[in-house]
Amino acid sequence: MTKLWGGRFQKSAEQWVDEFGASIEFDQKLVMEDIDGSIAHVQMLGDCNILSTDDVDIILGGLVQLKQLAVEHKLEFSIANEDIHLNLEKMLIDLIGPVGGKLHTGRSRNDQIATDMHLYLKNRVEEIIELIQVFQKTIVNQAEDHIETLAPGYTHLQRAQPISFAHHLMAYFWMLERDKERFLDSMKRIDISPLGSGALAGTTFPIDRKLSADYLGFSNVYANSMDAVSDRDFIVEFLSNSSLLMTHLSRFAEEIILWSSSEFNFIELDDSFSTGSSIMPQKKNPDMAELIRGKTGRVFGNLMGLLTTLKGLPLAYNKDMQEDKEGMFDTVETIVGSLKIFEGMIRTMIVHTKRLHDTVHKDFSNATELADYLAAKGLPFREAHEVTGKLVFLCIQRGYFLLDLPLNDLQEANSLIEEDIYEVLSPLAAVRRRNSLGGTGFNQVEIQIEEAKKRLI
């Protein structure tokens with residue numbers, strides 16, 4: 001088969017070479033974006049009197065037919081035609097005749113593919129932002145139900161201080177809020193049109209790049225044609241933002257996995273987000289959370305892969321850049337699926353409030369309350385810390401918790417301790433008192449939930 005670019009070649013590559021160099025197996029995902037880019041380009045060519053009205057009408061008619069066939073999944077792509085651009089151009093020529101070859105006037109595959117990917121990410125990032133918002137709403141809904149649900153807060157995976165369970169959940173809301181802001185900010189770099197930059201140097205035809213950008217809904221155009229066809233920063237930024245998002249989802253997934261274990265038993269996941277064992281009938285595995293945790297690695301890999309590809313490339317376009325697409329597609333599919341799965345897990349999970357309540361009453365997470373109590377009475381905090389540590393050790397020796405110690409034992413450790421210490425050591429009181437801005441106190445949690453709701457409007 002003669003290549004559309006084959007005029008100066010005297011022989012064809014072997015089939016396996018064509019297969020190695022072809023990208024159509026994955027870049028066919030850009031079929032809609034490529035057709036839309038072509039529609040905008042030919043409309044602009046007509047408006048600028050570069051093509052006649054008759055030619056434009058014929059080409060537009062063919063492109064509309066191809067778009068409908070694409071919607072119906074009736075297009076058949078060929079490795080012989082290498083990529084999405086040449087496949088569609090060949091289909092167009094077969095459909096409307098030689099006039100289809102005029103579509104490529106004033107453009108190159110280099111600016112075509114850059115335009116396709118800008119359009120693709122523009123649409124996908126908007127979808128991702130919406131999915132993040134849906135997930136955030138679910139977190140807020142769960143948090144509202146558990147403002148006064150006590151839970152152990154951890155540092156070093158050791159019980160540290162009692163907290164509101166809602167406070168813990170809301171920490172992930174704010175992580176996702178930063179993720180959302182990063183994706184929103186990245187739209188400034190995505191929403192730029194490379195179309196009309198040609199192979200690298202622009203074109204001699206009197207095109208109007210801003211007009212084609214307007215047709216495609218872009219808010220800006222690249223100021224430098226070489227930068228336009230070689231820039232992949234917007235994909236790197238997308239992959240970087242996605243890596244941070246997956247980092248947050250992976251941390252949350254790890255907590256879900258721990259909380260749903262028999263050892264913690266803080267929550268139970270819905271059956272629809274769990275799996276069983278082929279040999280152990282009692283098992284209920286948090287496989288979806290584990291998969292999200294595992295898929296984080298592939299997103300990191302996609303980021304590092306593209307950075308490595310780009311780091312040594314001279315301007316402008318190089319065939320290496322063909323490697324920019326598969327990781328981008330894979331990352332989009334991974335984070336879209338992960339967000340949908342995670343939202344469902346959190347929306348349907350059952351929180352074991354009694355278990356959480358019992359947990360904070362059977363540990364030493366209220367020890368800081370005793371140290372703060374003594375410090376508030378004038379004892380230097382370091383001395384208060386030491387007194388409290390010795391009382392904790394005494395409890396461990398006796399098999400007690402701080403609330404179990406008789407008053408005389410407490411006062412023997414320090415005479416500043418009075419009978420009101422038992423109220424101070426109450427986990428409920430400990431949480432309620434932490435009312436500093438951003439703290440776990442119930443009033444503060446209510447305030448941050450209200451702030452979160454404003455951001456979701």
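This chain uses plain numbering: 1 for the first residue, then up along the sequence. Heavy atoms only: backbone and side chains are in, while hydrogens, waters and symmetry mates are out.
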More than 12 heavy atoms of other residues, nucleotides or ligands under 6.0 Å from CD of Glu72: is that the case?
yes
Residues, nucleotides or ligands: over 12 heavy atoms within 6.0 Å of Arg251 CZ
no
Is a donor from one side chain sitting under 3.5 angstrom from an acceptor on the other, for [X] and [Y]?
| X | Y | answer |
| --- | --- | --- |
| Thr309 | Asp320 | no |
| Arg107 | Ser38 | yes |
| Asp270 | Ser272 | yes |

Determine the minimum heavy-atom distance between [X] and [Y], stating which atoms define it.
| X | Y | answer |
| --- | --- | --- |
| Pro162 | Ala430 | CG-CB, 4.0 Å |
| Pro194 | Thr115 | CD-OG1, 3.5 Å |
| Ser230 | Leu315 | OG-CD2, 3.1 Å |
| Ile257 | Pro286 | CG1-CG, 4.1 Å |

Electrostatic pair [X]-[Y], nearest N-O below 4.0 angstrom:
| X | Y | answer |
| --- | --- | --- |
| Arg298 | Asp330 | yes |
| Glu127 | Arg124 | yes |
| Asp185 | Arg182 | no |
| Lys180 | Glu177 | yes |
| Lys210 | Asp214 | no |
| Arg455 | Glu451 | yes |
| Asp324 | Arg232 | yes |

List the residues meeting side chain to side chain donor-acceptor pair (under 3.5 Å) with Arg355, not counting sequence neighbours, and say none if there are none.
none
Side chain to side chain donor-acceptor pair (under 3.5 Å) between His167 and Gln448, intermediate numbers included:
CA-CA 9 Å; His167 193 55; Gln448 68 169 297; 3.0 Å; yes
With salt bridge (charged side-chain N to carboxylate O under 4.0 Å, His left out) as the test, pick out the partner of Arg109 among Asp116, Asp34, Asp83, Asp27.
Asp83
As a quick check of understanding, evaluate side-chain contact (heavy atoms from CB on, under 4.5 Å) for Gln322 and Phe26, giving each step before the final call.
CA-CA 10 Å; Gln322 185 168 294; Phe26 49 86; 4.0 Å; yes
Ring geometry between Trp259 and His168 (parallel below 30°, tilted from 30 to 60°, perpendicular above 60°)
perpendicular
Classify the angle between the aromatic ring planes of His118 and Phe218 as parallel (below 30°), tilted (30 to 60°) or perpendicular (above 60°).
perpendicular
Yes or no on side chain to side chain donor-acceptor pair (under 3.5 Å) for Asp47 and Tyr215, after CA distance, side-chain angles and deciding distance?
CA-CA 12 Å; Asp47 291 339; Tyr215 278 132; 2.4 Å; yes
Can you tell me which residue among Thr247, Val125, Ile335 is in a side chain to side chain contact (heavy atoms under 4.5 Å, CB included) with Ser242?
Ile335
Arg432 CZ to Arg434 CZ distance, which is reported to the nearest 0.5 Å:
13.5 Å
Straight-line distance of Phe205 CZ to Met44 CE, nearest 0.5 Å:
10.5 Å
Kindly say whether the aromatic ring centers of Phe329 and Tyr120 come within a distance under 6.0 Å.
yes
Go through the steps to decide whether Leu249 and Phe135 satisfy the test side-chain contact (heavy atoms from CB on, under 4.5 Å), and finish with yes or no.
CA-CA 11 Å; Leu249 295 185; Phe135 188 18; 3.7 Å; yes
